[in-house]
Amino acid sequence: MTNPPGTSEKPNYKSTLCLLSKGEAEAIFPQRANLVKREPETLAFWEDNKIYERLREKNQDSPRFILHDGPPYANGRIHIGTVLNKVLKDITIRSKALAGFDVPYNPGWDCHGLPIEHKVMQEVRAKKEDIGTFELRGRCRDYALHFIDVMEQDFKRLGVLGHWDKPYRTLDPAFEGHELQLFATLVEKGMVYRNLKPVYWCPGYETALAEAEVEYMDHTSPSIYVKFPSIDVEGVVGQDCGDPSKPLSVLIWTTTPWTLPANLAITFHPDFEYVVMETDTDRMVMARELAAQVAEAAGIENYTLHDAPRGAEFEDKKCKHPFIDRESLLILGDHVTLEAGSGCVHTAPGHGHEDYLVGLKYGLEIYSPVDGKGRFTAQFPEFEGQEVEAANPGIIRLLNDSGLLLAEKKITHSYPHDWREKKPIIFRATPQWFISLERANLRDQLLAAVDQVEWIPKWGKDRISAMLDNRVEWCISRQRAWGVPIPAIHLKDSEESILDPEFIREFANLVSETGVDVWFETIEGIENDRTARLKALVEKTLEAKGVSGEWKLDKDTLDVWFDSGSSHHAVLNESYGLSYPADLYLEGSDQHRGWFQSSLTNAVAIGAGAPFKAVLTHGFVVDEEGRKLSKTLGNYIEANEAVQEYGADILRIWVASEDFRGDMSVSKEILKQRMEAYRRFRNTFRFLLTSLSDFKPEDTVEEKDLLEIDRYFHGKWINLEGNLRNAYEKYEFHRVYHLANVFCTVDLSARYLDILKDRLYTFERSGLARRSAQTVLVEILKGMVQSLSPLMAFTCEEAWQSLRRLGLVEEESVVLSKWAAPTESPDGSLIEKWDWLFDLREGVNAAIEPERKAGKIKQSLQASIDLFLKKEEDFDRARSTMDLPPGSDLASVLIVSEVNVFHGDAEGGTVEAEKTPGVSVRVIPAQGEKCVRCWRMVENLGARPNHPDICDRCLEAVGD
RNA sequence: GGGCCUGUAGCUCAGCCGGUUAGAGCGCACGCCUGAUAAGCGUGAGGUCGUUGGUUCGAUUCCAACCAGGCCCA
């Protein structure tokens, strides 16, 4: 190369370098991600080429890994929490595929239940329409199907692989059929029973209300203190409790006098201190802390308080009901508070939730002498037919007449109202269906099953065990329209509902065939083929039982947790090409109460054992301060907006980067940081790809011939890959992210690649040194792209396609690739030596810095380094590295022009290297002239007259 | 109020069975380069390890209480 005629500038030899133009580099792998545009293209590539289906086919003979999808509720677009969950599942699927498993994944949807019914009802009411259950269900179905569609698109956009063409949905006839078959088995085994339970009840509509249909509003009620005369409380309070001639009673407080007829007990707190308040006429038991309040409310001025035992001592004593010939049992409960009342709580198990629970514990009757219209029944004859609210004054009068009313006031407080009519509602015991944890040893079986499962993290086991320990029963019936019916037959002249296993099984078959709507059609008197079949089934069943007469079908539906809790039965079978049990359930930690428990209960109850071998839970998405996300707090991140703004890969990286066992923070700031990390990964891929543009598999250099530094970085990669696989194996995805990030940033970008630039650009194109580097770079790049593909699914596919165009990989998609058998672990002493050299390099860089600040040196290539090494072994290592072939020699590693090493103490002008004790560094400006081609300072430039400005090494590369 | 969980630099994470000046990457500041360039390199400043007690010769690491937050119940 010579100067072009007429110029006086030195030639720059740039065209002799192995450098790509910007355009060439862009063609290989664009620098800018443009994820929002490019990701859909990658998606189309996967879909058009049926990559997931081919993955299944390719691995069909491999061991299976079944991740059973917990069905999200189909009532809206995805949110950041759903993103978290689905991405974790996809990372799992993709990493298991890399590990060689066959990974079937059928996404599911939970379709029934109140939120949808609610939403549809609102629309119906807004239009003032009048529709029946059947019509309502049709609209609910449309609603669910619409959102399944929307969510499917959202999930796919995140890059989630799976059988989107064969999802499972709890509204599918096949699903409902399986669910009812499972239910039949439970009935057969005698696990299902009927009992009373108080629910919110709207007397106006004569219907049960869900909690979401209840609004709390101010309401004025009577506030009364009532004396329950002692039967045997005397024995507990002892002799020194005032004048024994005064009657002793237990004092209760209530704002619903009408529930007194249903009183069966009085609840004490086991740990509170109680007293006997002695007045001029009475002795009354109450909590010490509330005594003054009671006295004030009752206008009592003269009284004495006598110590009584703590609450626990009162257990099992009895009082007389104030106006019914019945006993009231004294019992204990932690729900008693000191906020108001007397500390002795009027307990009517048929009219309150906590009363119910404590009643169950003590085996009390769930008693409720109130009918569906909110009127007293014949069980309370004095007031039969009266509406309960209207009966309050009468009951108060009754108390007053018997002298058991201590005080009466009015109180305005928050009280449940019907959300439609805004009328006060009541709590009333109604017949419900239950699965008992007590029967057939179910609880013990559940706990034993829990023991067989791997809970990740481990505390999941404690959490679910504690819940099972405390759970008495599972109420599986709901008075709703949008659900799977409980197939019970009701005889007109009977209180009973019949659950017949045979009938349920045949009904289930009918459902699998024609859908569950037939039940509701029959209730509404619609006549068609299927309702005729159902009616015939009912008749046949009744006949077989020897019963006759008019019948009706019950209107109750199954709890939606029963739906999703049946998914193992409906999905993990041949119809989906799956098998039982699943290897993994992966959901948020709230599902210990929800899906994990309902699935486990249903599975164990039918004798199938736990439906999962392992259960993995993740935390919830919160903001940077650890607070929950909310639109009103302004910390809300809209999932689809984030995908549009940053791209799915950024969200995927975010999911991977945080430890999901705790809560996961998200904010714009955090996503921006993930974007920075993404850029680093992307630029590294790009640098590697462009450095390999002239490399062919046949250029591969054998391991033994690799330059030493190349062997070192190859070894570092092998170690890292092992660690990455291990992290995936343990579901520690955040370790994958952090390990890869550090490797990319430190080992590659700051060290290896920076050092390699000289070799890749200036050395002879097909010489051993350059090919040696490329050999290792291919390995690292392929491995990185593969191992990071579960995280950055889109970008890694993009990089894989670039590798394919360069002829460096075979498989059509990174999804179809597999991890190779683990490579032999690298030479430990080599690693140790070079780790030390890189520590030394930090000392050298630190020593150069002041020179740079002083303006004596700009690029490190302008420096010459003297190293003083005290230890002989250190000296030997440095010395031998100095003499390694170009590219692997110490000067190349330090990116300086010259290195001299000395054995012994430091001389003047040196800096101690911090990380390598016993080594001192002196930095001096390198002598000689700058080679215009490789930019090193060299003393013997111009060995050949026609190339006066380049060094010997460059001469070789340039040839002539 | 109860069960389970979380709390290390601005952010995301490491810190094994308690033991020398608590680490990393990002971000930030300053500087270099212009042959990864809407890139790359170097150096540096940031932490009373949620708080308070206790155990110990010694605690971020063990125990207790408390505070803040999360999930599930109530």
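Treat the numbers as computed from the prediction; the structure is a model and nothing was measured. As a basis for the values below, the full set of heavy atoms in this structure was taken, side chains included, without hydrogen atoms, waters or symmetry mates. Below, read A as the first sequence line, B as the second, and so on, with proteins coming before strands; counting in each chain starts at 1.
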Legend entry - Arg686(A) side-chain N/O to rU37(B) phosphate OP1/OP2 under 4.0 Å: yes

Legend entry - Close side-chain approach of Phe268(A) and Arg310(A), heavy atoms under 4.5 Å: no

Legend entry - Under-4.0 Å side-chain N/O to phosphate OP1/OP2 contact, Lys757(A) with rA36(B): yes

Inset, instruction - Measure the CZ-SG distance between Arg680(A) and Cys744(A) for me, rounded to the nearest 0.5 Å. - result: 7.0 Å

Inset, instruction - Decide, applying a 5.5 Å centre-distance limit and a 30° plane-angle limit (both strict), whether Phe743(A) stacks on rG25(B). - result: no

Legend entry - rG42(B) phosphate, OP1 or OP2, under 4.0 Å from Arg852(A) side-chain N/O: no

Inset, instruction - Would you classify rG7(B) as syn or anti? Syn applies when the glycosidic angle is within 90° of 0. - result: anti

Inset, instruction - Could you tell me the separation between the CZ atom of Arg593(A) and the P atom of rG2(B), rounded to a whole number of Å? - result: 18 Å

Inset, instruction - Please figure out whether Leu748(A) or Ala677(A) has its closest RNA chain B nucleotide nearer the 5' end. - result: Ala677(A)

Legend entry - Interface with RNA chain B, restricted to residues 724-742 of chain A and to heavy atoms under 4.0 Å: His734(A), Arg735(A), His738(A), Asn741(A), Val742(A)

Inset, instruction - Tell me which nucleotide among rG70(B), rA38(B), rU43(B) gets nearest to the side chain of Asp663(A). - result: rG70(B)

Inset, instruction - With the side chain of Val622(A) defined as its heavy atoms from C-beta on, choose the nearest nucleotide among rG40(B), rC33(B), rG70(B). - result: rG70(B)

Inset, instruction - Taking the six-membered ring of Phe733(A) (Phe, Tyr or Trp), confirm whether the NZ or CZ of Arg652(A) is under 6.0 Å from its centre and within 45° of its axis. - result: no

Legend entry - Sub-4.5 Å side-chain heavy-atom contact between Trp654(A) and Val621(A): yes

Legend entry - Whichever of Glu914(A) and Gly460(A) has its nearest RNA chain B nucleotide further upstream toward 5': Gly460(A)

Inset, instruction - Round to the nearest Å and state the distance from Asn34(A) atom CG to rA38(B) atom C1'. - result: 13 Å

Inset, instruction - Using a 4.0 Å heavy-atom cut-off across all strands, classify His592(A) as base, sugar-phosphate, or nothing. - result: nothing

Inset, instruction - Return one dot-bracket line describing RNA chain B 5' to 3' (Watson-Crick or G-U wobble pairs, both distances under 3.5 Å; ( ) same strand, [ ] crossing, | another strand, . none). - result: (((((((..((((.....[...)))).(((((.......))))).....(((((..]....)))))))))))).

Legend entry - From rC5(B), rG69(B), rU43(B), nucleotide with atom closest to Trp459(A) side chain: rC5(B)

Inset, instruction - May I ask you to verify if any side-chain N or O of Lys668(A) is less than 4.0 angstrom from the OP1 or OP2 atom of rC11(B)? - result: no

Inset, instruction - Look at the side chain of Ser691(A) and the base of rA36(B), then say whether one donor and one acceptor between them are separated by less than 3.5 Å. - result: no

Inset, instruction - Could you tell me whether the phosphate oxygens of rG40(B), OP1 or OP2, come under 4.0 Å of any side-chain nitrogen or oxygen in Arg680(A)? - result: yes

Inset, instruction - For Ala466(A), answer base if it contacts any base atom (sugar-phosphate contacts may also be present), sugar-phosphate if it contacts only those atoms, and nothing otherwise; contact means non-hydrogen atoms under 4.0 Å. - result: sugar-phosphate

Inset, instruction - Nearest whole angstrom, please: distance from the P of rC72(B) to the CG of Asp469(A). - result: 21 Å

Legend entry - Ring center gap for Tyr356(A) and His351(A) short of 6.0 angstrom: no

Inset, instruction - Using a cut-off of strictly less than 4.0 Å, decide whether Lys853(A) has a side-chain nitrogen or oxygen near OP1 or OP2 of rC30(B). - result: no

Legend entry - Base rG42(B) to side chain Glu849(A), donor-acceptor N/O within 3.5 Å cut-off: yes

Inset, instruction - State whether Gln31(A) places a side-chain N or O below 4.0 Å from either non-bridging phosphate oxygen (OP1 or OP2) of rA38(B). - result: yes

Legend entry - Any Ser749(A) side-chain N or O less than 4.0 Å from OP1/OP2 of rC41(B): yes

Inset, instruction - Pick base, sugar-phosphate or nothing for Glu354(A), based on heavy-atom distances below 4.0 Å to the nucleic acid. - result: sugar-phosphate

Inset, instruction - Using atom CZ of Arg679(A) as one end and atom C1' of rA39(B) as the other, report the distance to the nearest whole Å. - result: 11 Å

Legend entry - Pair of N/O donor and acceptor under 3.5 Å linking rA38(B) base with Arg32(A) side chain: yes

Inset, instruction - Examine rG35(B): is either OP1 or OP2 under 4.0 Å from a nitrogen or oxygen in the side chain of Lys14(A)? Give yes or no. - result: yes

Inset, instruction - For Gln673(A), answer base if it contacts any base atom (sugar-phosphate contacts may also be present), sugar-phosphate if it contacts only those atoms, and nothing otherwise; contact means non-hydrogen atoms under 4.0 Å. - result: base

Inset, instruction - Assign Leu19(A) to base, sugar-phosphate, or nothing according to its heavy-atom contacts below 4.0 angstrom with the strands shown. - result: base

Inset, instruction - Using a 4.0 Å heavy-atom cut-off across all strands, classify Arg682(A) as base, sugar-phosphate, or nothing. - result: nothing

Legend entry - Sugar-phosphate, base or nothing in reach of Trp654(A), heavy atoms under 4.0 Å: nothing

Inset, instruction - Determine the contact category for Asn683(A): base if any of its heavy atoms lies under 4.0 Å from a base atom, sugar-phosphate if only primed atoms, P, OP1 or OP2 are that close, otherwise nothing. - result: base

